[in-house]
> 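One structure coming up, written as structure tokens, with questions to follow.
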Amino acid sequence: VITREVSGHLENFYRQFIQAVDTPTDKIGVWISGFFGSGKSHFLKILSYLLENSEVKGKRALAYLQPKVHDPLLFANMERASEVTGDVILFNIDSKADADSKSDKEAIVHVFMKAFNDHLGYFGTAPALADLERRIAKEGKYQEFKQTYQKLAGGTWKDERDSWDFNQDYIVAALQQTLNMSETAALSLFNDLGKNYSLSVEKFAKTMKDYLDTKPPKHRLVFMVDEVGQYIGENTDLMLNLQTLAEDLGTHCAG
């Protein structure tokens, strides 16, 4: 049910979203506020369905809501937004974060990167390994690497990569065959996993920019994050991390 209040919030969101699609901007953050039980999570979830506009039982998400939207201008903006290609990444930040992550003042950016890696099918739980997967994919060899690994190990890469430290021989051999590396170079690459990995907000923003550069010009990457306020609480370091993240994404990705 789209009440007058919800319609007003949708109108506000879509007006700004369409402006950002049409005109590059560094103002990209949206914060949904409300009392406990007021429907923030539900609003966020419905919004994610609308932006993704997936097909369910022969109908697009927007078609299900069309009879409920009585403002023609709002629906026109909703249609325009749904026509923009994009990745919609919806997650609950507390369930996606590591158990002890709140002690890390840069925890927010790490959770965002984990969600992004998971969305692309990389191993978000081990960011250094996901970074290796991304580098192999950049060479256009990711599918070949997974197939080679399966031939060598007998199991699929997706099922066995959580035990990657126990499967060193197969991974090194797969890297050799896929990337035409020497055994020494492949072994060195494997042994350095994690040692040289670091993630700053700026590096994250540049990674998002690199990804968007491979997509059509108006493609949008939308992180829809539930329970952020509760996760941050009174932790000013986490709030600063979130603020810096929004600012750097706006600066590097311009909308």
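Below, each value reflects all heavy atoms present in this structure, side chains not excepted, and no hydrogens, waters or symmetry copies. One-based numbering along the sequence shown.
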> Out of curiosity, does Met208 fall in the hydrophobic cluster containing Phe17 (side-chain heavy atoms, cut-off under 4.5 Å, transitive links)?
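The answer is no; the residues belong to distinct hydrophobic clusters.
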> Between Gln19 and Thr23, is the side-chain contact (heavy atoms from CB on, under 4.5 Å) condition met? List the steps.
CA-CA 6 Å; Gln19 282 178 5; Thr23 308; 5.8 Å; no
> Begin with the C-alpha distance, continue with both residues' side-chain angles, and end with the deciding distance and a verdict on side-chain contact (heavy atoms from CB on, under 4.5 Å) for Glu202 and His252.
CA-CA 9 Å; Glu202 185 178 36; His252 288 283; 3.8 Å; yes
> Is Asp22 salt-bridged to Arg80, cutoff N-O under 4.0 Å?
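Yes, Asp22 and Arg80 are salt-bridged.
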> Is the backbone N or O of Arg4 less than 3.5 Å from a side-chain atom of Ser7, with the two atoms forming a donor-acceptor pair by type?
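Here the side-chain-to-backbone pair does not exist.
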> For Arg220 versus Val21, what's the shortest heavy-atom pair and its separation?
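So the minimum-distance heavy-atom pair works out to NH2-CA, 3.1 Å.
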> Please report the closest heavy-atom contact between His219 and Thr85, naming both atoms and the distance.
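Closest pair (atom of His219, atom of Thr85, distance): ND1-OG1, 2.9 Å.
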> Between atom CD of Glu106 and atom OG of Ser198, what is the distance when rounded to the nearest 0.5 Å?
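Interatomic distance, Glu106 CD to Ser198 OG, rounded to 0.5 Å: 9.5 Å.
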> Taking all non-hydrogen atoms of both residues, which atom of Asn92 and which atom of Glu227 are closest, and how far apart?
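Where Asn92 meets Glu227 most closely, the heavy atoms are ND2-CG, 3.5 Å.
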> Run the side-chain contact (heavy atoms from CB on, under 4.5 Å) test on Gln66 and Leu62 for me, step by step, so that the C-alpha distance in whole Å, both residues' side-chain angles and the decisive distance to 0.1 Å come before the verdict.
CA-CA 6 Å; Gln66 184 173 4; Leu62 191 59; 5.8 Å; no
> If we check side chain to side chain contact (heavy atoms under 4.5 Å, CB included) with Leu187, which of these qualifies: Thr184, Leu189, Asn191?
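So, applying the side chain to side chain contact (heavy atoms under 4.5 Å, CB included) to Leu187 and each of Thr184, Leu189, Asn191, only Asn191 qualifies.
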> Would the distance check show the side chain of Gln176 and the main-chain N or O of Ala186 forming a donor-acceptor pair, the cut-off being under 3.5 Å?
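No, because the side chain of Gln176 does not come within donor-acceptor range (under 3.5 Å) of the backbone of Ala186.
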> Would you check, one step at a time, whether the test side-chain contact (heavy atoms from CB on, under 4.5 Å) holds for Arg134 with Thr207?
CA-CA 10 Å; Arg134 185 173 4 277; Thr207 302; 3.9 Å; yes
> Is there a continuous path of hydrophobic side-chain contacts, each under 4.5 Å between heavy atoms, that joins Val6 to Ile32?
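Hydrophobic grouping puts Val6 with Ile32.
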> Compare all side-chain heavy atoms of Asn77 with those of Leu10 and state whether any distance is below 4.5 angstrom.
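In short, these two side chains do not touch, never coming nearer than 4.5 Å.
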> To the closest 0.5 Å, what do you measure between CD (Glu52) and CG (Leu47)?
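Reported to 0.5 Å precision, the distance equals 12.0 Å.
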> Is Asn117 reaching over with its side chain to a backbone N or O of Phe123, donor-acceptor style, under 3.5 angstrom?
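Side chain of Asn117 to backbone of Phe123: no pair is present.
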> So, the side chain of Lys40 versus the backbone of Phe35: is there a donor-acceptor pair under 3.5 Å, distance only?
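Present.
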> Is Lys114 close to Thr125 at the side-chain level, that is, under 4.5 Å between some pair of heavy atoms?
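Yes; the side chains approach each other to less than 4.5 Å.
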> Can the ring centres of Phe116 and Tyr211 be said to be less than 6.0 Å apart?
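Yes, the ring of Phe116 comes within the 6.0 Å limit of the ring of Tyr211, centre to centre.
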> Counting heavy atoms not belonging to Tyr170, are there more than 12 under 6.0 Å from its OH?
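12 or below, so no.
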> With side chains defined as the heavy atoms from C-beta onward, is the minimum distance between Ile171 and Trp157 less than 4.5 Å?
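Answer yes - side chains close enough.
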> Salt bridge between Lys209 and Asp213, side-chain N to carboxylate O under 4.0 Å?
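Judged by the 4.0 Å cut-off on N to carboxylate O distance, Lys209 and Asp213 do form a salt bridge.
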> Ala205 and Leu249: which non-hydrogen atoms are nearest, and at how many Å?
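Nearest pair, atom of Ala205 first, then Leu249: CA-CD2, 4.0 Å.
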> Give a yes or no on whether Val225 and Phe43 share a hydrophobic cluster (residues Ile, Leu, Val, Met, Phe, Trp, Tyr; joining criterion: side-chain heavy atoms under 4.5 Å apart).
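No, it is not one cluster - the side chains of Val225 and Phe43 are not joined through contacts under 4.5 Å.
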> Taking the six-membered ring of Tyr197, is the NZ or CZ of Lys203 close enough (under 6.0 Å from the centre) and on axis enough (within 45°)?
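Here Lys203 passes the 6.0 Å and 45° test against Tyr197.
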> Report the distance from atom CD1 of Ile136 to atom CD of Gln143, rounding to the nearest 0.5 Å.
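The CD atom of Gln143 is 11.5 Å from CD1 of Ile136, to the nearest 0.5 Å.
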> What is the minimum heavy-atom distance between Ala246 and Ile28, and which atoms define it?
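Distance-wise, the nearest heavy atoms are O-CD1, 3.5 Å.
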> Using a strict 4.0 Å threshold on nitrogen-to-oxygen distance, state whether Arg15 and Glu11 make a salt bridge.
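Yes, Arg15 and Glu11 are salt-bridged.
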> Are Phe13 and His9 packed together at the side-chain level, in the sense that at least one heavy-atom pair is separated by less than 4.5 angstrom?
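When only atoms from C-beta onward are counted, His9 and Phe13 do not touch, as no gap falls below 4.5 Å.
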> So do the side chains of Ile89 and Phe112 get within less than 4.5 Å of each other, counting heavy atoms only?
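No; the side chains remain at least 4.5 Å from each other.
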> Hey, can you tell me if Tyr142 and Phe145 have their rings parallel, tilted or perpendicular (30° and 60° cut-offs)?
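Geometry flag for Phe145 against Tyr142: parallel rings.
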> Under 6.0 Å from the CD atom of Gln168, do we count more than 12 heavy atoms belonging to anything else shown?
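Enclosed: over 12 neighbouring heavy atoms sit under 6.0 Å from CD of Gln168.
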> If we ignore hydrogens and angles and just use 3.5 Å, is the side chain of Lys146 paired with the main-chain N or O of Lys158 as donor and acceptor?
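No: the side chain of Lys146 does not pair with the backbone of Lys158.
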> Should Gln16 and Asn12 count as side-chain neighbours, where that means a heavy-atom distance under 4.5 Å?
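Gln16 vs Asn12: side chains touch.
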> Less than 4.0 angstrom from a charged side-chain N to a carboxylate O is my criterion; do Asp87 and Lys215 meet it?
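No salt bridge links Asp87 with Lys215.
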> Spell out, as yes or no, whether a donor-acceptor pair under 3.5 Å connects the side chain of Asn241 to the backbone of Ile108.
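The answer is yes, because a donor-acceptor pair under 3.5 Å joins these two groups.
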> Quick one: are Pro127 and Leu199 in side-chain contact, heavy atoms under 4.5 Å?
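SC-SC contact between Pro127 and Leu199 ruled out.
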> How about Asp169 and Leu152: do any of their side-chain heavy atoms sit closer than 4.5 Å?
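They are not in side-chain contact.
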> Would a hydrophobic clustering, with Ile, Leu, Val, Met, Phe, Trp and Tyr connected at side-chain separations under 4.5 Å, put Val228 with Phe204?
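Same cluster: Val228 reaches Phe204 through Ile, Leu, Val, Met, Phe, Trp or Tyr contacts under 4.5 Å.
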> Using modelled atom types only, decide if a donor and an acceptor are shared between the side chain of Asp226 and the backbone of Ser41 within a distance under 3.5 Å.
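It does not hold such a pair.
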> For the hydrophobic clusters of this structure (ILVMFWY residues joined by side-chain heavy atoms under 4.5 Å, transitively), does one cluster hold both Ile93 and Leu90?
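No: no chain of side-chain contacts under 4.5 Å links Ile93 to Leu90.
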> Surrounding NZ of Lys59 (heavy atoms of other residues, nucleotides or ligands, distance under 6.0 Å), is the total greater than 12?
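Yes, because the 6.0 Å sphere around NZ of Lys59 holds more than 12 heavy atoms from other groups.
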> Can you tell me how far apart CG (Leu245) and CZ (Phe223) are? Round to the nearest 0.5 Å.
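Those atoms lie 8.0 Å apart.
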> If you round to the nearest 0.5 Å, how far is CZ of Arg60 from CG of Leu50?
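CZ of Arg60 is found 13.0 Å from CG of Leu50.
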> Between atom CG of Asn53 and atom OG of Ser48, what is the distance when rounded to the nearest 0.5 Å?
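One finds 11.5 Å between CG of Asn53 and OG of Ser48.
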> Dump the intermediate steps for side-chain hydrogen bond (donor to acceptor under 3.5 Å, both in side chains) on Glu160 and Tyr149, then the final yes or no.
CA-CA 10 Å; Glu160 296 190 355; Tyr149 177 88; 2.8 Å; yes
> Which pair of non-hydrogen atoms, one from Phe190 and one from Trp164, has the smallest distance, and what is that distance?
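Closest heavy-atom pair between Phe190 and Trp164: CZ-O, 3.6 Å.
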